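The structure appears below as structure tokens.
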Number of protein chains: 2
Amino acid sequence: MKPLPLDWRIVLVRPRNPLNIGAAARALANFGLRDMRVVAPFEPTWREARSAAVGAEQVVESARAVATLLDAIGDATLVLGTTTGQRRNLDRTILPLPELATWLGRRKVRGQAALLFGSEKTGLSNEHLSLCHALVRIPTVPDCVSMNLGQAVAVCAYELMRAGVLAARPPRLTVHRSGPADLEALERLFERAAHMLDVSGYLKPQSRQAMLIKLRRLLLDLQLTSHDVRVLGGILAQVEWKLAQGADSE
Amino acid sequence: MKPLPLDWRIVLVRPRNPLNIGAAARALANFGLRDMRVVAPFEPTWREARSAAVGAEQVVESARAVATLLDAIGDATLVLGTTTGQRRNLDRTILPLPELATWLGRRKVRGQAALLFGSEKTGLSNEHLSLCHALVRIPTVPDCVSMNLGQAVAVCAYELMRAGVLAARPPRLTVHRSGPADLEALERLFERAAHMLDVSGYLKPQSRQAMLIKLRRLLLDLQLTSHDVRVLGGILAQVEWKLAQGADSE
């Protein structure tokens with residue numbers, strides 16, 4: 001099944017080395033990608049990044065540094081994280097990069113997609129990974145799994161181009177009545193649900209964080225449409241209201 | 001036609017920047033390649049090259065610096081040069097990198113192959129190109145054709161691996177997921193949810209039946225796994241309990 005072209009955004013999460021930001025920008029420009037966001041870089045020296053972005057200075061100029069990962073991916077309908085596959089406690093699908101196009105074809109995703117790259121030393125944290133629909137693994141060999149950040153971005157950008165899942169001309173997202181929910185809407189729903197779970201005593205302090213990560217994953221896996229999110233949001237609002245009533249009368 | 005796996009050697013011709021030698025070595029190691037030769041580097045500082053070859057120091061150690069291109073490729077049965085396709089007077093076939101495997105399959109080549117990368121600024125000279133059986137072009141976009149050397153090597157090494165023309169075969173990652181929930185479990189979950197919605201006042205008598213049908217459909221569409229059902233069941237139980245508490249104290 002042929003996948004639909006998507007608007008891809010590359011997101012670097014907490015990169016340490018400005019030269020890697022520049023190298024990533026250059027690789028994007030090589031394959032016609034323009035949209036890069038950088039989450040909370042360790043050393044936000046854009047001058048150095050520009051110097052490494054030969055021929056791609058514009059990509060660096062237009063890259064936005066944002067404070068949180070959610071700021072970077074808020075309007076995306078599909079979020080993929082890159083991983084070496086070494087971290088243990090993952091329960092996301094791990095797609096070998098060469099199989100990404102087939103997977104996208106099956107899911108018929110459209111619109112804005114984001115591909116995340118973690119920090120050079122640590123990769124993406126479990127919390128970052130919990131915002132991803134699936135994980136992509138560049139099929140490196142077991143005894144040398146960890147790639148240089150700029151090279152990893154180059155390989156992924158090449159594969160997106162090769163597999164034909166890049167939008168030739170980034171068209172602005174047309175909104176379909178019941179298209180997939182965007183991450184921002186999902187996050188609002190998630191926060192509402194988390195609040196309800198706090199109020200109802202479902203979340204225990206010692207396991208709260210781990211449980212929330214599990215639940216966010218579960219929520220992403222459901223592939224809710226924006227219609228679903230509205231319905232579920234309405235339900236949560238009502239339950240919240242009722243729980244508050246009970247609390248008032250105590 | 002499936003190409004035969006080949007022994008690939010990567011040859012950097014007159015690289016200027018030792019860091020690029022290191023980056024190239026790292027990319028090779030990532031994809032299970034070991035054989036690198038460096039022809040007359042401008043600054044043969046192997047120490048710097050090693051520092052950029054994180055996890056691939058061995059590839060740098062065993063790389064041979066040779067005086068001429070012929071020294072590097074003498075024993076190869078197939079020599080391919082990389083090009084941006086900008087140089088005019090070429091009379092060689094230019095293969096887009098994604099089509100390399102098909103081309104190799106047709107030619108039934110076997111044995112030792114060499115893939116050449118030119119100097120950062122100038123690429124391969126016409127003399128170098130004249131030693132190549134064919135040229136390979138990474139399909140970059142027209143307004144930004146020139147890639148960083150380390151990134152170009154990474155993309156080519158990835159493609160050799162992806163296309164199955166390398167012996168290295170990384171193991172597939174298995175993903176553990178629980179199976180789809182059975183209808184009985186879904187129905188119990190649905191009844192529990194309906195009860196909560198009744199108690200919380202979400203369902204109004206005149207629209208109750210229609211709303212429940214809509215919600216059951218939504219629930220089915222989610223394609224929950226049995227694991228999902230267990231988690232959601234636990235949540236509903238807790239919310240139910242809390243709602244009942246509120247009711248008791250009214």
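So that the names make sense, note that chain A is the first sequence line, chain B the second, and so on, each numbered from 1. Predicted, not measured: the structure shown is a model, and the values here were computed from it.
With a threshold of 4.5 angstrom between heavy atoms, V155(B) approaches chain A through its backbone and through its side chain. The contact between M196(A) and chain B is made entirely by side chain atoms (from C-beta outward), counting heavy-atom distances below 4.5 Å. Contact annotation for I138(A): only side-chain heavy atoms (C-beta onward) come within less than 4.5 Å of a heavy atom of chain B. In this structure, chain B has a heavy atom under 4.5 Å from the backbone of A24(A), while its side chain stays farther away. Y202(B) touches chain A through backbone and side chain together, each having a heavy atom under 4.5 Å away. For V145(A), the part lying under 4.5 angstrom from a heavy atom of chain B is the backbone only. Heavy-atom distances place the side chain of L197(B), and not its backbone, under 4.5 Å from chain A. Heavy atoms closer than 4.5 Å to chain A are found nowhere in A157(B), neither backbone nor side chain.
Taken to the nearest 0.5 Å, the SG atom of C144(A) stands 7.0 Å off from the CZ atom of R34(B). Rounding to the nearest 0.5 Å places CZ of R162(B) at 3.0 Å from CZ of R162(A). L215(A) contributes atom CG, which lies 10.5 Å from atom CG of D228(B) (distance to the nearest 0.5 angstrom).
Although no hydrogens or angles enter the test, the distance criterion places no donor-acceptor pair under 3.5 Å between the side chain of N148(B) and the main chain of A27(A). When atom types are taken as modelled, the side chain of N30(B) and the backbone of T140(A) share no donor-acceptor pair closer than 3.5 angstrom. Checking side-chain atoms of R26(A) against main-chain N and O of S146(B) turns up a donor-acceptor pair under 3.5 Å.
Side chains of S200(B) and E240(A) form no contact here, defined as non-hydrogen atoms less than 4.5 Å apart. Under the 4.5 Å side-chain criterion, counting only non-hydrogen atoms from C-beta, M161(A) is in contact with P139(B). Side-chain contact between F31(B) and M147(A): present, with at least one pair of heavy atoms (C-beta onward) separated by less than 4.5 Å.
Across all their heavy atoms, K242(A) and V199(B) have their closest contact at CE-O, 3.5 Å. In plain terms, the two heavy atoms of Q151(A) and G150(B) that are nearest each other are NE2-O, 2.9 Å.
With chain B as the partner, the residue from G55(A), G201(A), A237(A), A152(A) showing the most heavy-atom pairs under 4.5 Å is G201(A). Chosen from I235(B), D143(B), V231(B), the residue pairing most often with chain A at heavy-atom distances under 4.5 Å is I235(B). Counting heavy-atom pairs closer than 4.5 Å to chain B, the top residue among A56(A), A193(A), A23(A) is A23(A).
Crowding of E61(B) atom CD: a count of heavy atoms from other residues, nucleotides or ligands under 6.0 Å exceeding 12.
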